[in-house]
Trainee: 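Just passing along the structure, written as structure tokens.
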Amino acid sequence: MPPLSIETFAPAVDHTLLDPAATAARIDALCDEAQEYGFAAVCVYPWWVARAAARLPDGPAVCAVAGFPHGLETTEAKVASARRSLADGACEVDVVMAWGALADGFVAAAGRDIAEVVEAVHAESPPALVKVIVESAQLTDAQLSQACRLVAESGADFAKTSTGVAGPATVAAVARMRGLLPPRVAVKASAGIRSPGDAAAMLEAGATRLGTSSALAIIGNMAADAVA
């Protein structure tokens, strides 16, 4: 695998800050860093969306989470959260599937839940992107197959591996998801991506977005390797 370049890495990054103790100053810094390096998006809680959107009027994108981190809010609550984030300036929504319910056999209900969120988000003008977090580390192979089928049927734009609170993304999960999903549904790898090698492996396995809070450290490592 050739070394990962900053030019390839940066446009794939969702620069993420989902620490509930993060301050307004840290959100501002996150936005400034994303703009400086040309990241794809910043990913924040709905509380911070309006602030991030005001800080980034010309991009990168602002991504809000919904149903985070467990996915067991009601569908109505997820839809309302997504709509409010879009009204505040988000143009991407990362919604957590009710993966615990899916794993307990409530497959159709988990599918209806995300389909309603996707329908609501895509109905906005302009339509926003939806990434569905399936929490791959908590699912069996059969359950991951079901989750990917539900994501595809919902019309979502991405399937995302993880929230970061229930296990990391793995290269094997990304590769499996890429193989299960139709070409129109992209894959976002998130959680545990802390080095250039991690990032390169996820991209090689089929991810096109990388959710990480370690983007600056990864770029620093790449720059150091280039000088060495």
Trainee: Find out whether Asp157 and His122 are in side-chain contact, i.e. whether some heavy atom of one side chain is under 4.5 Å from a heavy atom of the other.
Mentor: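 Yes. Closest side-chain heavy atoms under 4.5 Å.
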Trainee: Minimum heavy-atom separation for Gln138 and Trp99, please, with both atom names.
Mentor: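 Looking at all heavy atoms of both residues, the closest pair is CB-CZ3, 3.4 Å.
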Trainee: What are the two closest non-hydrogen atoms of Gly67 and Glu73, and how far apart are they?
Mentor: CA-OE1, 3.3 Å
Trainee: Indicate whether the side chain of Arg194 and that of Ser213 have a donor and an acceptor atom separated by less than 3.5 Å.
Mentor: no
Trainee: Nearest 0.5 Å please: distance from the CG atom of Asp104 over to the CD atom of Gln143.
Mentor: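 Those atoms lie 9.5 Å apart.
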Trainee: If the threshold is 4.0 Å, N to carboxylate O, is there a salt bridge linking Asp14 and Lys131?
Mentor: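 A salt bridge links Asp14 with Lys131.
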Trainee: Under 4.5 Å between any side-chain heavy atoms of Cys148 and Val151, yes or no?
Mentor: no
Trainee: Establish, from distance only, whether the side-chain atoms of Asp198 and Ser195 form a donor-acceptor pair under 3.5 Å.
Mentor: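 Checked: Asp198/Ser195 side chains pair up, N/O donor to acceptor below 3.5 Å.
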Trainee: At their closest point, which heavy atom of His15 faces which heavy atom of Ala34, and how far apart are they?
Mentor: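 What the structure gives for the nearest pair is CD2-N, 4.0 Å.
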Trainee: Measure the shortest side-chain to side-chain distance between Gln35 and Pro60 over non-hydrogen atoms and say whether it is less than 4.5 angstrom.
Mentor: yes
Trainee: Between Glu92 and Lys188, does any NZ, NE, NH1 or NH2 come within less than 4.0 Å of an OD or OE carboxylate oxygen?
Mentor: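 Looking at Glu92 together with Lys188, the answer is no, because their closest N to O distance does not fall below 4.0 Å.
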Trainee: In the single-linkage hydrophobic clustering (I, L, V, M, F, W, Y; side-chain heavy atoms under 4.5 Å), do Trp47 and Val49 co-cluster?
Mentor: yes
Trainee: Judged by atom type as modelled, is there a donor-acceptor pair below 3.5 Å linking the side chain of Thr74 to the main-chain atoms of Ala77?
Mentor: yes
Trainee: Are Leu72 and Leu102 linked, directly or through intermediate hydrophobic residues, by side-chain heavy-atom contacts shorter than 4.5 Å (ILVMFWY only)?
Mentor: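 Cluster IDs for Leu102 and Leu72 differ.
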Trainee: Using side-chain contact (heavy atoms from CB on, under 4.5 Å), reason through Leu180 and Arg149 one step at a time and then give a plain yes or no.
Mentor: CA-CA 8 Å; Leu180 290 166; Arg149 175 178 61 81; over 6 Å; no
Trainee: Using modelled atom types and a 3.5 Å cut-off, is there a donor and acceptor pairing between side-chain atoms of Thr161 and backbone atoms of Ala169?
Mentor: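 Looks like no, no N/O pair under 3.5 Å.
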Trainee: Can Arg176 and Ser145 be said to form a side-chain hydrogen bond (donor to acceptor under 3.5 Å, both in side chains), step by step?
Mentor: CA-CA 9 Å; Arg176 181 165 174 76; Ser145 295; 2.7 Å; yes
Trainee: One thing to verify: whether Lys78 and Asp113 come together as a salt bridge, which I'm taking to mean a side-chain N less than 4.0 angstrom from a carboxylate O.
Mentor: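 Yes, Asp113 and Lys78 are salt-bridged.
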Trainee: How close do Ser162 and Ala191 get, heavy atom to heavy atom, and via which atoms?
Mentor: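 Distance-wise, the nearest heavy atoms are CB-CB, 3.8 Å.
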Trainee: Can you find a pair of side-chain heavy atoms, one from Arg51 and one from Asp28, that are under 4.5 Å apart?
Mentor: yes
Trainee: Run the numbers on Phe68 and Val95 for side-chain contact (heavy atoms from CB on, under 4.5 Å), then give the verdict.
Mentor: CA-CA 7 Å; Phe68 189 91; Val95 61; over 6 Å; no
Trainee: Heavy atoms, side chains only, cut-off 4.5 Å: are Met177 and Leu144 in contact?
Mentor: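 The answer is yes, as the side chains (C-beta and beyond) meet within the 4.5 Å cut-off.
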Trainee: Tell me if the CD atom of Glu153 is crowded by more than 12 foreign heavy atoms within 6.0 Å.
Mentor: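 Above 12, so yes.
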Trainee: Taking the side chain from Thr212 and the backbone from Ile193, do they hold a donor-acceptor pair closer than 3.5 Å?
Mentor: yes
Trainee: Cluster question for you: counting only ILVMFWY and a side-chain heavy-atom cut-off of under 4.5 Å, with indirect links fine, are Ile6 and Leu203 together?
Mentor: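 Both belong to a single hydrophobic cluster.
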Trainee: If we only count heavy atoms from C-beta on, is the Ile27 to Val44 side-chain gap below 4.5 Å?
Mentor: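 With C-beta onward as the side chain, the pair touches.
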Trainee: Taking the side chain as everything from C-beta on, heavy atoms only, tell me whether Asp32 gets closer than 4.5 Å to Arg55.
Mentor: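 Yes, at least one pair of side-chain atoms sits under 4.5 Å.
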Trainee: Any heavy-atom pair between the side chains of Trp48 and Leu30 that's under 4.5 Å?
Mentor: no
Trainee: Among Val132, Val165, Val65, Thr163, which one satisfies side-chain contact (heavy atoms from CB on, under 4.5 Å) with Val96?
Mentor: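 Considering Val132, Val165, Val65, Thr163, a side-chain contact (heavy atoms from CB on, under 4.5 Å) with Val96 is found only for Thr163.
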Trainee: In this structure, would Leu129 and Val93 fall into the same cluster of hydrophobic residues linked by side-chain contacts under 4.5 Å?
Mentor: no
Trainee: Stepwise, does the side-chain contact (heavy atoms from CB on, under 4.5 Å) test hold for Met97 with Leu150?
Mentor: CA-CA 10 Å; Met97 175 181 283; Leu150 295 178; 4.2 Å; yes
Trainee: For Val174 versus Ala205, what's the shortest heavy-atom pair and its separation?
Mentor: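 Closest approach of Val174 to Ala205: CG1-CB, 3.7 Å.
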Trainee: Identify the heavy atoms of Arg178 and Pro183 that sit nearest to each other, and give their distance.
Mentor: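 In this case the closest contact between Arg178 and Pro183 is NH2-CA, 3.8 Å.
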Trainee: With rounding to the nearest 0.5 angstrom, report the CD to CG distance, Glu204 to Leu4.
Mentor: 10.5 Å
Trainee: Where do Val130 and Phe158 land on the side-chain contact (heavy atoms from CB on, under 4.5 Å) test, with the steps shown first?
Mentor: CA-CA 6 Å; Val130 186; Phe158 280 78; over 6 Å; no
